[in-house]
Q: 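Attaching a single structure in structure tokens format; questions to follow.
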Amino acid sequence: MAANNNSKGFSTNSNTYTIVYAVVMVVIVAFLLAFAHSALGPTQDENVKLDTKKQILSSLNITDYTDAQAAFTKNVVKILDKTGAEKCAVADFDVTGADKNEVIYQCEVDGATKYVIPMNGNGLWGAIWGYIALNDNKSTVYGIYFNHASETAGLGAEIVKPAFCNQFKDKNIQRDSVLTSIAVVKKGQSVADKDYVDGISGGTITSSAVSVMLETNLKKFEGFLTK
């Protein structure tokens with residue numbers, strides 16, 4: 001007797017079955033992703049905040065610690081606005097919040113006052129950012145930290161390396177109380193009216209972007225830095 005092909009229910013070979021199966025799987029995957037985001041989101045956010053605090057500590061040449069949060073709490077004593085007025089308590093400030101690039105971190109390192117200023121800009125392929133730590137004269141560089149999203153390995157990406165960052169130590173961002181920033185120039189070149197460092201060999205565009213980032217972001221705090 002021939003098989004009955006008109007039996008009730010979905011045929012696994014039908015278009016309807018395929019569509020329903022796909023929809024169900026999409027719903028299940030979406031639910032699992034939403035659940036994972038909800039469960040892991042707070043932990044991920046805290047990790048981002050902690051990493052940002054480590055970057056700020058790096059600009060202060062503080063890398064030898066077992067507890068980054070404790071080191072941050074110990075060394076960062078005030079959050080200031082662009083004018084130098086106290087904005088809020090350190091514990092109340094979100095280092096990854098909307099105004100993360102509009103504040104000054106007043107710090108105490110080995111009994112000496114330092115000021116950390118955040119920086120952000122655009123490199124060759126994506127975002128670049130960093131923190132510059134100044135001594136209490138608001139001019140001499142105590143330390144600096146750079147990072148990037150997608151600069152070329154071995155070229156622009158070298159801005160993160162000590163060989164590049166260490167050049168900035170003891171350079172001045174102003175002369176005679178006039179904000180000048182620090183230029184990043186091609187190796188062998190010089191600048192007459194401001195302090196400068198050598199750029200990355202083969203990373204000219206990223207080096208120039210760092211120079212622009214420094215000048216642009218320091219300019220936002222000029223009133224505080226030069227008063």
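Quick note: residue numbers are just sequence positions, from 1. Values below: all heavy atoms of this structure, side chains included; hydrogens, waters and symmetry mates excluded.
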Q: Does the side chain of Glu215 pick up a donor-acceptor pair with the side chain of Ser211 at under 3.5 Å?
A: no

Q: side-chain contact (heavy atoms from CB on, under 4.5 Å), that's the test. Do Ile62 and Asn75 meet it? Break it down for me.
A: CA-CA 9 Å; Ile62 299 173; Asn75 291 281; 3.5 Å; yes

Q: What is the minimum heavy-atom distance between Ala209 and Gly123, and which atoms define it?
A: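 Smallest heavy-atom distance, with atoms named: CB-CA, 3.9 Å.
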
Q: Between the main-chain N or O of Gln69 and the side-chain N or O of Asp67, is there a donor-acceptor pair closer than 3.5 Å?
A: yes

Q: Is the number of heavy atoms from other residues, nucleotides or ligands within 6.0 Å of CG (Leu80) greater than 12?
A: yes

Q: Do side-chain atoms of Ser59 reach the backbone of Ile56 as a donor and acceptor pair under 3.5 angstrom?
A: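 Here the side-chain-to-backbone pair exists.
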
Q: Which pairs with one or both residues in residues 188-205 pass side chain to side chain donor-acceptor pair (under 3.5 Å), sequence neighbours excluded?
A: Arg175-Asp195

Q: Heavy-atom count around Lys171 NZ within 6.0 Å, excluding the residue itself: above 12?
A: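 Yes, enclosed.
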
Q: On the 0 to 90° scale, with breaks at 30° and 60°, tag the Phe146-Phe164 ring pair as parallel, tilted or perpendicular.
A: tilted

Q: Could you see if Ile117 belongs to whatever hydrophobic cluster contains Val77? Use Ile, Leu, Val, Met, Phe, Trp, Tyr and a side-chain cutoff under 4.5 Å.
A: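 Looking at the clustering, Val77 is in a separate group from Ile117.
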
Q: Are the side chain of Asn217 and the backbone N or O of Met213 linked by a donor-acceptor pair below 3.5 Å?
A: yes

Q: Can you see whether Gln174 engages Thr180 through a side-chain donor-acceptor pair at a distance of less than 3.5 angstrom?
A: no

Q: Does Tyr21 OH have over 12 foreign heavy atoms under 6.0 Å away?
A: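 Atom OH in Tyr21 is not packed in, count stays at 12 or less.
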
Q: Using a 3.5 Å distance criterion without hydrogens, assess whether the side chain of Asp176 forms a donor-acceptor pair with backbone atoms of Val178.
A: no

Q: I need the minimum non-hydrogen distance between Ala183 and Val191, along with the two atoms involved.
A: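 Nearest pair, atom of Ala183 first, then Val191: CB-CG2, 3.9 Å.
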
Q: May I ask you to test the Ile173-Leu179 pair for a side-chain heavy-atom distance under 4.5 Å?
A: yes

Q: Using the benzene-type ring in the case of Trp, are the ring centres of Tyr115 and Phe221 under 6.0 Å apart?
A: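 Here the rings of Phe221 and Tyr115 have centres that are no less than 6.0 Å from each other.
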
Q: Heavy atoms, side chains only, cut-off 4.5 Å: are Leu214 and Ile132 in contact?
A: yes

Q: Report the distance from atom OG of Ser181 to atom CG of Leu218, rounding to the nearest 0.5 Å.
A: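 Going from the OG atom of Ser181 to the CG atom of Leu218 covers 5.0 Å.
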
Q: Can you tell me how far the CH2 atom of Trp125 sits from the NE2 atom of His148, to the nearest 0.5 Å?
A: 13.5 Å

Q: Rounded at 0.5 Å granularity, tell me how far CG in Asn137 sits from CG in Asn135.
A: 5.5 Å

Q: Drop me the distance from Cys165's SG to Glu158's CD, to the nearest 0.5 angstrom.
A: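 Rounded to the nearest 0.5 Å, the SG-CD separation comes out at 10.5 Å.
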
Q: Between CE of Met119 and OG1 of Thr216, what distance do you get to the nearest 0.5 Å?
A: 11.0 Å

Q: Would a distance-only check, ignoring hydrogens and angles, find a side-chain to backbone donor-acceptor pair under 3.5 Å from Lys220 to Asn101?
A: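 Checked: pair present.
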
Q: Is there a side-chain contact (heavy atoms from CB on, under 4.5 Å) between Ser208 and Val184? Walk through the geometry before answering.
A: CA-CA 6 Å; Ser208 296; Val184 183; over 6 Å; no

Q: Are any of the side-chain heavy atoms of Val197 and Val185 separated by less than 4.5 Å?
A: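 A side-chain contact is absent here, since even the closest heavy-atom pair is not under 4.5 Å.
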
Q: Tell me whether the guanidinium CZ or amine NZ of Lys169 lies under 6.0 angstrom from the six-membered ring centre of Tyr142 and within 45° of its axis.
A: yes

Q: Any donor and acceptor pair, going by atom type alone, linking the side chain of Lys227 with main-chain N or O of Thr83 inside 3.5 Å?
A: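 Yes: the side chain of Lys227 pairs with the backbone of Thr83.
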
Q: Applying the 4.5 Å side-chain criterion to the ILVMFWY set and letting contacts propagate, would Ile144 and Val109 be lumped into a single cluster?
A: no

Q: Using the rule given for side-chain contact (heavy atoms from CB on, under 4.5 Å), can you reason through Phe72 versus Val95, listing the C-alpha separation, both sets of side-chain angles and the distance that settles it, and then say yes or no?
A: CA-CA 11 Å; Phe72 184 85; Val95 296; 4.1 Å; yes

Q: Is it the case that one hydrophobic cluster holds both Val76 and Phe93, taking links as side-chain heavy atoms less than 4.5 Å apart, direct or via other members?
A: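 Hydrophobic grouping puts Val76 with Phe93.
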
Q: Does a side-chain heavy-atom distance below 4.5 Å link Lys87 with Asp99?
A: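 Contact flag for Lys87/Asp99 side chains = yes.
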
Q: Are side-chain heavy atoms of Ile128 and Val210 found at a separation under 4.5 Å?
A: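 Result yes, sub-4.5 Å side-chain heavy-atom pair found.
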
Q: Kindly indicate whether the side chain of Val141, heavy atoms from C-beta on, has any atom under 4.5 Å from the side chain of Asp170.
A: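 Not touching, per the 4.5 Å side-chain cut-off.
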
Q: What pairs with Asp94 under side-chain hydrogen bond (donor to acceptor under 3.5 Å, both in side chains), at least two apart in sequence or on another chain?
A: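 Asp94 satisfies side-chain hydrogen bond (donor to acceptor under 3.5 Å, both in side chains) with Thr96 once adjacent residues are dropped.
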
Q: So, is the end of the Lys138 side chain (NZ or CZ) under 6.0 Å from the ring centre of Phe224 and within 45° of the ring's axis?
A: yes

Q: Could you tell me whether Asp110 atom CG has more than 12 heavy atoms of other residues or ligands within 6.0 Å of it?
A: no

Q: Side chains of Leu134 and Leu225: closer than 4.5 Å at any heavy-atom pair?
A: yes

Q: May I ask you to check whether over 12 heavy atoms, not counting those of Lys187, lie within 6.0 Å of atom NZ?
A: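 No, NZ of Lys187 has 12 or fewer neighbouring heavy atoms, counting only those of other groups under 6.0 Å.
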
Q: Is there a side-chain contact between Tyr105 and Lys78, using heavy atoms and a 4.5 Å cut-off?
A: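 When only atoms from C-beta onward are counted, Lys78 and Tyr105 do not touch, as no gap falls below 4.5 Å.
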
Q: Any chance you could lay out the side-chain contact (heavy atoms from CB on, under 4.5 Å) test for Ile200 and Ile159, step after step, and finish with the verdict?
A: CA-CA 7 Å; Ile200 302 297; Ile159 63 173; 4.2 Å; yes

Q: Judged by atom type as modelled, is there a donor-acceptor pair below 3.5 Å linking the side chain of Glu151 to the main-chain atoms of Leu124?
A: yes

Q: Can a side-chain donor-acceptor contact be found between Thr113 and Gln106 if the only test is distance below 3.5 angstrom?
A: no

Q: Say whether Thr140 and Asn172, considering side chains only, have a donor N or O and an acceptor N or O under 3.5 Å apart.
A: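 The answer is yes; a qualifying pair exists.
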
Q: Between Asp51 (side chain) and Asn47 (backbone), is there a donor-acceptor pair under 3.5 Å?
A: no

Q: Is the closest side-chain donor-acceptor distance between Asn147 and Tyr145 under 3.5 Å?
A: yes

Q: Between atom OG1 of Thr52 and atom CG of Leu57, what is the distance when rounded to the nearest 0.5 Å?
A: 11.0 Å

Q: Is the closest basic N to carboxylate O distance between Glu102 and Lys82 below 4.0 Å?
A: yes

